[in-house]
Trainee: 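Handing you a structure now.
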Amino acid sequence: MIDINLIRTQPELVKAAVKNKNEKADISRILQLDQQYRDVLKEVEALRSQKNTASEEIGRLKKEKKDASEILAKMKSIAERQKTLENSLEPIKTSLDELLKWVPNIPDNDVPAGPDASGNQLVKTYGEKKVFDFAPKPHYDIAENLGLADFKRAAKIAGASFILFTGHGAMLERALINFMLDLHVHQHKYTEISPPYLANPACMFGTGQLPKLEEDMYKIPKDEFYLNPTAEVPLTNIHRDEILDLNQLPIYYTAYTACFRREAGAYGKDTRGFVRVHQFDKVELVKFAHPEKSAEEHEKLLADAEEVLQMLGLHYRVVKLCTGDMSFASAKTYDIELWAPGMDRWLEVSSCSNFRDFQARRANIRFRDQDGKVKFAHTLNGSGVALPRLVIAILENCQQKDGSVKLPELLAPYTNGIIEFKS
RNA sequence: GGAGGGUUGGCCGAGUGGUUGAUGGCGCCGGUUUUGAAAACCGGUGUAGGGGUUCACCUCUACCGUGGGUUCAAAUCCUACACCCUCCGCCA
């Protein structure tokens, strides 16, 4: 949610953001409704004020055992007028709120304008493409040959686009999760959380999944829950409707969870392998920061995610998303993409965003500042990192000519010393 | 699933129809005292929205889990719902 005052004072700025983010919120209509709302509100409040004064008067008269029937009769007509006005106020407020839900966050000044991924900016590249003296295989062939996953039987259980990791494949998932959590908890000082895998609509609205991404989530209608599409939802909502102490900030949370996405509209895309699936594991990083510190915390968050890949010795690049490729709620986003030589393409494994006060407004997450005033906190999050794609990169980068896979040494403590997968 | 209890300001906790935005305590801010700190004492301290003088001031409105209702008037009465706690049952 953005500040309605920003829409009032700088409508052109907001309109530009809507356009650049390929959204369609109707700012002119919002301004019109807002004005209408305030006009009617003024009248309603005047009537309420009148009524309050009269009520006090009645109370006093009754106490003195005097007759109040005259003023009582007058109140009757005022009450009626108030009722009608209030009734006309309600639909205005409802449609105004509905429209406001669809206004995206304003991109930061240093975010490039662009229509889609083609407008993204390369920030940095780490490492180099590995040179093979044979044709590197895609991960799905490697996984099948080494018995790391079973695609056919996965479909038997839940349908297409679900992964059934088997044997060493399942172990590798678990090892990577533990490796990443250890790094973030012990080196980067995040507090480890193990949250519920589903959340209520208020949470989904708070982080900005609702209303826009309704179709992308799995819903449990009977109990009004959604399966979390990312741990960002439960982690950020931990402090929904709270006023934090200044000395609590910044707060760092990390969690491993499964993530569930319907991937509506992506049918037929990336159908083979682990690239796009309905359920995947992810280690997530979430921060709550003071508004003056969020930009700095954003850079640190990115570095925390990058370190995972650096330690694993993987080749990656960081891109700054342009306006058209950013999410609805984000003010600035960096994506980290891993190089997958078998598929000969870059794979997004992390998205690190600063939401500024956008989510905080929706979720009502505030803090008491030095000056004693209550202000909205800034929220940030990033994947640290997403799993199946990390597994893809490891399998494809670490494959040997003979078809085996040799894992990075530092994973040995997490795999009972097993660092080589052979058929 | 059954039975009962609860939900009040940053926190704890009073309050069952008429200056109650709400006693009190804690916390926080300012002051007195002190070489300094602590303690003690004094004073201040809610949020959101609207309107005006315009960032420090004034004023109006709303807010005591949420939504409806009764009433001139509701934290206080009625009603539906949500959440929390306790006990019993069932189950990992």
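Each chain gets a letter, A, B and so on, in the order the sequences are listed, and its residues count up from 1.
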Trainee: What integer distance in Å separates A/Ile58:CD1 from B/G18:C1'?
Mentor: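 Interatomic distance, CD1 of A/Ile58 to C1' of B/G18: 10 Å.
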Trainee: Could you tell me whether A/Lys83 and A/Glu86 make a salt bridge, using a distance below 4.0 angstrom between a side-chain N and a carboxylate O?
Mentor: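 Judged by the 4.0 Å cut-off on N to carboxylate O distance, A/Lys83 and A/Glu86 do not form a salt bridge.
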Trainee: Write down the distance separating the P atoms in B/U23 and B/G43, rounded off to the nearest Å.
Mentor: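 The answer is 15 Å between these two P atoms.
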Trainee: Report which part of the nucleic acid A/Ile243 touches: base, sugar-phosphate, or nothing (heavy-atom distance under 4.0 Å, all strands).
Mentor: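 Since only primed, P, OP1 and OP2 atoms lie under 4.0 Å of A/Ile243, the category is sugar-phosphate.
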Trainee: Taking the C1' atom of each, how far is B/G10 from B/U47, in whole Å?
Mentor: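 Rounded to whole Å, the distance is 11 Å.
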Trainee: Under a 3.5 Å cut-off for both distances, is B/U20 Watson-Crick or wobble paired, and to whom?
Mentor: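 Across any shown strand, B/U20 pairs with none.
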Trainee: Using atom C1' in both nucleotides, what's the gap between B/G9 and B/G2 to the nearest angstrom?
Mentor: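 Approximately 36 Å lies between the C1' atom of B/G9 and that of B/G2.
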Trainee: Report the distance from atom NZ of A/Lys375 to atom P of B/U47, rounded to the nearest whole Å.
Mentor: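 After rounding, the reported distance stands at 12 Å.
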Trainee: Please state the C1' separation for the pair B/U59 and B/U54 - nearest whole angstrom.
Mentor: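 Those two atoms are separated by 14 Å.
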Trainee: Taking pairing as Watson-Crick or G-U wobble with both contacts under 3.5 Å, can you name the mate of B/U86, or confirm there isn't one?
Mentor: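 Answer to the pairing question: B/A3, which forms a Watson-Crick or G-U pair with B/U86.
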Trainee: Mind calculating the distance between CG (A/Leu244) and C1' (B/G27) to the nearest angstrom?
Mentor: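 After rounding, the reported distance stands at 16 Å.
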Trainee: Is the distance from OP1 or OP2 of B/U61 to the nearest side-chain N or O of A/Asn52 less than 4.0 Å?
Mentor: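 Answer is yes, contact under 4.0 Å.
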Trainee: Assign the ring pair A/His239 / A/Tyr253 to parallel, tilted or perpendicular, where the plane angle (0 to 90°) is split at 30° and 60°.
Mentor: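 Aromatic pair A/His239/A/Tyr253 classed parallel.
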Trainee: I'd like to know if A/Asp97 pairs up with A/Lys101 as an ion pair, taking the criterion as any Lys NZ or Arg NE/NH1/NH2 lying under 4.0 Å from an Asp or Glu carboxylate oxygen.
Mentor: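 Judged by the 4.0 Å cut-off on N to carboxylate O distance, A/Asp97 and A/Lys101 do not form a salt bridge.
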Trainee: Would you kindly give the CD-to-P distance between A/Glu57 and B/G18, to the nearest whole Å?
Mentor: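 It is 17 Å, rounded to the nearest whole Å.
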Trainee: Given the C1' atoms of B/U61 and B/G1, what is the spacing between them in whole Å?
Mentor: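 Between the two C1' atoms, the distance is 46 Å.
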Trainee: Write down the distance separating the P atoms in B/U79 and B/C87, rounded off to the nearest Å.
Mentor: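 Comparing P positions in B/U79 and B/C87 gives a spacing of 28 Å.
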Trainee: So, are A/Lys21 and A/Glu23 salt-bridged, with charged N and O less than 4.0 Å apart?
Mentor: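 Salt bridge absent between A/Lys21 and A/Glu23.
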Trainee: Rounded to the nearest 0.5 Å, how far apart are NZ of A/Lys62 and CG of A/Leu72?
Mentor: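 Output value for this atom pair is 6.0 Å.
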Trainee: Check every strand shown and say whether A/Arg240 touches a base, only sugar-phosphate, or nothing at a heavy-atom separation below 4.0 Å.
Mentor: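 Nothing: the residue A/Arg240, judged by heavy atoms under 4.0 Å, touches no strand.
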Trainee: What is the distance, to the nearest angstrom, from the CG atom on A/Asp241 to the P atom on B/C11?
Mentor: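 These atoms are roughly 11 Å apart.
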Trainee: Please measure how far the C1' atom in B/C63 lies from the corresponding atom in B/G4, and state the result in whole Å.
Mentor: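 Comparing C1' positions in B/C63 and B/G4 gives a spacing of 30 Å.
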Trainee: Would you say A/Lys51 reaches B/A73's phosphate, i.e. side-chain N/O to OP1/OP2 under 4.0 Å?
Mentor: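 Yes, A/Lys51 has a side-chain N/O under 4.0 Å of OP1/OP2 on B/A73.
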Trainee: Below the 4.0 Å mark, does B/G51 have OP1 or OP2 next to a side-chain nitrogen or oxygen of A/Arg38?
Mentor: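 So the side chain of A/Arg38 is within the cut-off, an N or O lying under 4.0 Å from OP1 or OP2 of B/G51.
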Trainee: If you assign each of A/Lys42 and A/Asp245 to its closest nucleotide in RNA chain B, which residue comes earlier from the 5' end?
Mentor: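 The answer here is A/Asp245.
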Trainee: For B/G18, does OP1 or OP2 lie under 4.0 Å from any side-chain N or O of A/Ser55?
Mentor: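 Checking B/G18 against A/Ser55, no side-chain N or O comes under 4.0 Å of OP1 or OP2.
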Trainee: For B/G50 and A/Arg8 - does any side-chain N or O of the residue sit under 4.0 Å from the phosphate oxygens OP1/OP2?
Mentor: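 It does, given that an N or O in the side chain of A/Arg8 lies less than 4.0 Å from OP1 or OP2 of B/G50.
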Trainee: Please measure how far the P atom in B/U35 lies from the corresponding atom in B/C29, and state the result in whole Å.
Mentor: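 Approximately 23 Å lies between the P atom of B/U35 and that of B/C29.
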Trainee: Let's go through A/His298 and A/Tyr334 carefully: what are the C-alpha distance in whole Å and the side-chain angles of both, what is the deciding distance for ring pair (Phe, Tyr, Trp, His ring centres under 6.0 Å) to 0.1 Å, and is it a yes or a no?
Mentor: CA-CA 9 Å; A/His298 189 200; A/Tyr334 294 113; 5.0 Å; yes
Trainee: Measure from CG on A/Asp97 to P on B/A48 and round the result to the nearest Å.
Mentor: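 Between P of B/A48 and CG of A/Asp97: 17 Å.
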Trainee: In whole angstroms, how far is the P atom of B/U47 from the CG atom of A/Asp371?
Mentor: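 After rounding, the gap between these two atoms is 11 Å.
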Trainee: What distance do A/Gln10 atom CD and A/Asn5 atom CG have between them, rounded to the nearest 0.5 Å?
Mentor: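 Separation between the atoms: 10.5 Å.
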Trainee: Between the base of B/G49 and the side chain of A/Glu45, is there a donor-acceptor distance below 3.5 Å?
Mentor: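 Under the 3.5 Å cut-off, the side chain and the base do form a donor-acceptor pair.
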Trainee: When the distance from NZ of A/Lys74 to C1' of B/A73 is rounded to whole Å, what number comes out?
Mentor: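 In whole Å, B/A73 C1' and A/Lys74 NZ are 16 Å from each other.
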